Amino acid sequence: MKATTQNPSPILRDHTTTIITFLMVFLIQRSQNKDSLVLHLKLNELIAATQGASNRLINAQDFSEEEIRLLHDFYSLLVEKAKLDNDLGQTHSVEEAEDNHHDKLAAHRE
């Protein structure tokens, strides 16, 4: 009988440890989610306040994976266009990059 009364203690200790671990993970994730949301808000403010910046990225954290991939492709195109212009900071949007690239090609042909 005495052996059976001592066995619940390790089980109780294991369950208590599991519960405490779960609560700690929950608190850490909640803190990280808050930090992430604050970072998104700050970036949204910078995008909204910057003249010439594309507003399409405000709330990008809410985009679907397909929309994020599409935007990644657009900005990859922007980088390629900027490399052709030998100036990575010259344009602000894919549309501007296309227009500048076509204008430069036309001017070069003349």
Side-chain angles (χ1 to χ4, degrees):
M1 259 340 219
K2 198 171 192 180
T4 58
T5 58
Q6 292 177 354
N7 286 340
S9 180
I11 293 173
L12 180 62
R13 184 177 57 233
D14 289 345
H15 285 157
T16 302
T17 303
T18 302
I19 291 170
I20 290 172
T21 302
F22 173 78
L23 290 174
M24 292 301 292
V25 167
F26 174 76
L27 291 174
I28 290 169
Q29 285 179 337
R30 184 172 177 193
S31 175
Q32 288 175 340
N33 289 344
K34 181 182 175 187
D35 290 346
S36 177
L37 181 60
V38 169
L39 179 62
H40 286 293
L41 290 172
K42 289 178 180 181
L43 290 173
N44 288 344
E45 174 66 18
L46 290 173
I47 292 168
T50 303
Q51 186 175 7
S54 174
N55 288 338
R56 75 177 83 185
L57 292 180
I58 293 177
N59 288 331
Q61 68 273 10
D62 296 331
F63 291 173
S64 69
E65 286 186 36
E66 183 178 336
E67 290 169 322
I68 291 171
R69 187 182 43 75
L70 182 64
L71 278 172
H72 175 74
D73 292 344
F74 276 129
Y75 283 100
S76 294
L77 175 64
L78 175 62
V79 169
E80 292 304 315
K81 296 292 183 184
K83 284 180 183 177
L84 294 173
D85 294 336
N86 294 320
D87 186 357
L88 291 175
Q90 186 170 353
T91 58
H92 296 290
S93 70
V94 173
E95 293 82 7
E96 285 180 293
E98 286 283 343
D99 291 343
N100 287 348
H101 184 67
H102 290 299
D103 291 345
K104 287 182 181 183
L105 286 177
H108 182 65
R109 289 181 191 140
E110 293 176 354

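The structure presented is a predicted model; accordingly, all values stated were derived computationally and were not measured.
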Checklist line | Close side-chain approach of Val38 and Lys42, heavy atoms under 4.5 Å | finding: yes
Next item on the list: Give me the other members of the hydrophobic cluster that Phe26 sits in, counting Ile, Leu, Val, Met, Phe, Trp and Tyr linked by side-chain heavy atoms under 4.5 Å, directly or via other members.
Entry: Leu27
Check: What distance do Thr18 atom OG1 and Leu23 atom CG have between them, rounded to the nearest 0.5 Å?
Finding: 11.0 Å
Check: Should Ile68 and Phe74 be counted in the same cluster of Ile, Leu, Val, Met, Phe, Trp and Tyr side chains packed under 4.5 Å apart?
Finding: yes
Next item on the list: Supply the atom-to-atom distance Glu67 CD to Asp62 CG, rounded to the nearest 0.5 angstrom.
Entry: 9.5 Å
Notebook entry, point to check: CD/Glu66 to CZ/Arg69 distance, rounded to the nearest 0.5 angstrom?
Noted result: 5.5 Å
Notebook entry, point to check: How many angstroms lie between atom CZ of Arg13 and atom NE2 of His15, to the nearest 0.5 angstrom?
Noted result: 12.0 Å
Item checked: Separation of Asn33 CG from Ile28 CD1 (nearest 0.5 Å) -> 12.0 Å
Check: Among Asp35, Leu41, Leu43, whose side-chain contact (heavy atoms from CB on, under 4.5 Å) with Leu39 holds?
Finding: Leu43
Notebook entry, point to check: Mind checking whether Phe22 and Val25 sit in one hydrophobic cluster, side chains of I, L, V, M, F, W, Y counted as touching below 4.5 Å?
Noted result: no
